[in-house]
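In this text, all values refer to a predicted model and were calculated from it rather than measured experimentally. One-based numbering, in listed order, for ligands and for the atoms of each.
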Amino acid sequence: MITIVPKSLQTNVGLRALGRVLTFLSKNEVDSQRHYHEATGDVISPGLMQGMDHIRNPRLNKGLAFTLKERQALGIHGLMPPRFKTQEQQIAVCLYSVNKYQEDINKYMYLAELHDRNERLFFRLLSENVENLMPIVYTPTVGLACQKFGLIYRRPRGLFITIHDRGHIYQILKNWPEPDVRAIVVTDGERILGLGDLGACGMGIPVGKLSLYTALAGVKPHQCLPITIDVGTNNEKFLHDPLYIGLRQKRLFGPAYDELIDEFMQAAVKRYGSNVLIQFEDFGNHNAFRFLDKYRDKYCTFNDDIQGTASVAVAGLLAARRITKKKISDNKFVFLGAGEAAIGIANLCVKAMQSEGTPLLEARNKIWMMDIDGLLVKGRPEGRLEGHKALYAKEHEVMKDLYEIVKEVKPSILIGASAASKAFTPAILQEMAKINDRPVIFALSNPTSKAECTAEEAYVNTEGRVIFSSGSPFGPVTFNGKTYTPGQGNNAYIFPGVALGVIVTGIHHISDEIFLIAAQRVADHVTDADLERGSLYPPLSKIKECSVDIAVHVSQYAYNKGIASTYPEPVDKMAFVKAQMYDYYYDTPLPTMYNWPPTDESFEYTSTIESGFEFKP
Ligand SMILES: NC(=O)C1=CN([C@@H]2O[C@H](COP(=O)(O)OP(=O)(O)OC[C@H]3O[C@@H](n4cnc5c(N)ncnc54)[C@H](OP(=O)(O)O)[C@@H]3O)[C@@H](O)[C@H]2O)C=CC1
Ligand SMILES: CC(=O)C(=O)O
Ligand SMILES: [Mg+2]
């Protein structure tokens with residue numbers, strides 16, 4: 001049943017009456033049930049979801065944590081075992097369950113099923129166990145989940161828009177049941193982590209990224225929408241795989257593809273307003289830069305692989321300054337890779353050097369990059385370098401071998417974002433250790449199988465002197481009696497906090513400056529103890545604090561620059577940000593006793609005709 005509450009009734013009296021009807025529902029439940037009529041703005045309440053429907057709704061479900069009163073009122077009494085549990089007790093069971101699986105893909109499936117069953121429990125579990133569970137819902141396991149997506153796909157999460165939907169994208173967006181979407185993560189599946197073109201199976205990435213929006217930054221789940229744009233795939237294996245769940249055709253390029261993305265952008269704004277944040281994720285290189293340039297001044301958008309990655313890498317370099325005692329501009333860089341991640345990092349490093357007082361060209365000159373054809377040099381036999389790569393091309397002879405390049409350039413910082421597994425050979429790592437007292441080496445490629453080197457290889461080949469980070473997590477490494485726990489240089493430190501700040505302040509335009517602010521915030525959260533244990537990043541268990549801090553500083557920046565659209569300006573930005581974050585606790589108090597039926601004589605156990613059983617304390 002749909003009840004429309006007219007604007008005239010949205011008075012205190014009207015809302016109090018509605019409030020009384022919903023008294024037994026928690027604040028989150030009420031929030032998630034409240035919708036607004038698109039034309040009139042009237043509050044629409046879908047009525048009280050009763051009985052089995054209530055339990056089957058993941059946003060409302062609390063499993064055995066429903067109190068007796070709730071079970072009675074909702075008509076679910078008897079539909080579940082008579083035991084009452086706290087959310088903490090449920091979390092313990094979930095941890096036990098997830099840990100008992102040997103295979104990470106089974107852990108992934110368990111968590112996906114929990115997400116579908118009990119949203120608050122899923123987000124509390126993830127949010128309070130980031131170190132254990134982020135590697136499952138995110139890199140590296142999410143990569144495997146995408147590769148096996150056709151097999152493990154169970155229940156829908158997110159929207160699939162295909163090339164055949166041209167002209168109707170707005171209608172498809174209207175099929176999404178949540179009207180208050182504030183953030184979309186969209187992919188076309190062409191470059192999923194370092195695994196290449198996974199087509200529609202790339203959906204695991206927007207789903208995983210948005211899980212982190214909520215778990216790491218408290219963006220409300222109903223405000224998040226994962227989208228995959230399916231324009232085919234060039235993955236031959238998938239094209240012949242009966243399990244593949246996407247369009248079985250070669251990838252579409254050219255004007256028709258561009259028009260589809262244009263239509264998608266316009267439809268998203270028409271449906272959710274011009275403030276809706278659109279995060280581009282894992283598009284192919286040739287599209288990622290084009291779309292960023294095309295849309296960045298027209299929509300509230302950013303490219304995570306270019307800008308988010310840049311920010312987390314610069315955060316690591318800012319923290320590394322405290323060990324090397326060098327400014328960023330005192331360094332010489334070699335990048336393996338000259339794609340989205342590498343160019344994004346190089347560009348932000350240049351900005352950071354400029355803020356240290358280094359002129360633009362001088363800053364660019366400190367950065368040497370290598371792509372699949374070798375060092376970026378002017379007059380390459382393969383032809384002139386185009387676009388962003390051209391900015392970093394040097395007057396130098398052609399060089400193809402990374403080891404030779406390292407010997408020639410003598411960098412203090414070596415960054416890998418190439419998906420070229422094991423490209424940082426022992427010889428290269430040893431050379432870095434020969435040139436530098438404390439070589440800085442980032443192997444940023446994901447998932448773990450694509451890393452340019454492992455943490456162990458980095459420490460062993462540099463006599464433990466390396467300052468290391470990696471895109472996917474590596475466990476601790478013990479070398480010469482010292483144990484190192486390197487940090488994860490992953491954009492997960494950045495995008496959730498940036499998104500939270502953008503959403504709460506209603507920023508329309510996401511500038512590069514915002515990513516520099518985020519980098520500085522993350523770097524400021526790194527303690528001496530973190531550096532001492534070998535990490536340039538705060539522990540994953542502190543990532544939520546970073547996200548909130550980023551959001552607060554992004555808000556401050558937005559109001560200072562006049563780019564916020566949420567008015568009036570809140571005085572206390574921290575309180576303002578926190579007040580809008582998701583609350584994953586079940587906020588209805590449980591009865592004082594959790595076991596049922598009660599054995600304590602202070603509880604009177606009565607039966608009533610209408611509602612079955614009732615506690616009388
Ligand atoms: N840690 C993090 O937060 C992030 C990590 N990444 C990871 O970085 C990797 C690259 O991503 P992205 O930049 O978006 O991808 P792109 O495809 O945009 O770039 C890859 C770059 O690597 C170059 N390359 C590939 N193979 C080699 C090789 N053998 N030797 C030298 N260069 C090579 C390519 O050369 P060419 O230009 O000639 O094709 C290209 O410049 C992925 O594994 C991804 O998962 C990405 C984003 C965030
Ligand atoms: C982390 C990330 O965004 C990537 O590897 O693509
Ligand atoms: Mg990515």
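The contact set between ligand 2 and Asn490, taken as ligand atoms under 4.0 Å from a residue heavy atom, comprises 1 (C). Shown in contact with Leu193 at under 4.0 Å from a heavy atom are these atoms of ligand 2, numbered in order with element: 4 (C), 5 (O), 6 (O). Close contacts of ligand 2 with Arg191, meaning ligand atoms under 4.0 Å from a residue heavy atom, involve 6 (O). Of all atoms in ligand 2, listed by their number and element, those nearer than 4.0 Å to a heavy atom of Glu281 are 3 (O).
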When you look at Asp293 and Arg290, which way does the salt bridge (Lys or Arg N to Asp or Glu O under 4.0 Å) test go after all the steps? CA-CA 5 Å; Asp293 291 343; Arg290 278 190 320 117; over 6 Å; no

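The shortest side-chain heavy-atom distance between Met134 and Leu212 falls under the 4.5 Å cut-off. A 4.5 Å side-chain heavy-atom check between Asn461 and Pro426 finds at least one atom pair inside the cut-off. When side chains are defined from C-beta on, Asn365 counts as touching Lys394, because their heavy atoms get closer than 4.5 Å. Looking at Phe291 and Asp258, their side chains come closer than 4.5 Å, going by heavy atoms from C-beta outward.
Here Asp373 pairs with Arg380 under the salt bridge (Lys or Arg N to Asp or Glu O under 4.0 Å) rule; sequence neighbours left out.
If you look at Tyr138 next to ligand 2, the close heavy atoms, those under 4.0 Å, all belong to the side chain. Contacts between Lys209 and ligand 2, counted as non-hydrogen atom pairs separated by less than 4.0 Å, involve the side chain only. Here Thr139 has no heavy atoms under 4.0 Å from ligand 2, in either its backbone or its side chain. The side chain of Asp282, and not its backbone, has at least one atom closer than 4.0 Å to an atom of ligand 2 (non-hydrogen atoms only; side chain from C-beta on). With a heavy-atom cut-off of 4.0 Å, Thr309 does not touch ligand 2 at all.
Every protein residue with a heavy atom nearer than 4.0 Å to ligand 1 is included here: Arg191, Leu193, Gly194, Asn285, Asp305, Thr309, Leu336, Gly337, Ala338, Gly339, Glu340, Ala341, Met370, Asp371, Ile372, Lys389, Ala417, Ser418, Ala419, Ala420, Leu444, Ser445, Asn446, Gly471, Gly489, Asn490, Asn491.
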Show me, pair by pair, the donor-acceptor contacts under 3.5 angstrom made by side chains of residues 309-318, not counting sequence neighbours?
unit_1 : atom_1 : unit_2 : atom_2 : d
Thr309 : OG1    : Asp304 : O      : 3.2
Thr309 : OG1    : Asp305 : O      : 2.8
Thr309 : OG1    : Asn491 : ND2    : 3.2
Ser311 : OG     : Phe515 : O      : 2.7
Ser311 : OG     : Ala519 : N      : 3.4

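A side-chain N or O of Asn446 and one of Ser472 form a donor-acceptor pair less than 3.5 Å apart.
Of all protein N/O/S atoms, those under 2.8 Å from the Mg ion (ligand 3) are Glu281 OE2, Asp282 OD1, Asp305 OD1, and waters are not counted.
Between His115 and Phe123, the angle of the ring planes goes over 60°, which puts this pair in the perpendicular group of the 30/60° scheme.
Not one N or O on the side chain of Asp512 forms a donor-acceptor pair closer than 3.5 Å with the backbone of Leu348. At distances below 3.5 Å, not a single donor-acceptor pair connects side-chain atoms of Asp230 with backbone N or O atoms of Gly246.
Remark: minimum distance from atom 5 (O) of ligand 2 to any protein heavy atom is reached at Asn446 ND2, 2.8 Å.
Atom CD1 of residue Ile503 and atom CD of residue Gln223 lie 6.0 Å apart, to the nearest 0.5 angstrom.
Between Tyr484 and Tyr459, the ring centre distance stays below 6.0 Å. Here His525 and Tyr537 keep their ring centres 6.0 angstrom or further from each other.
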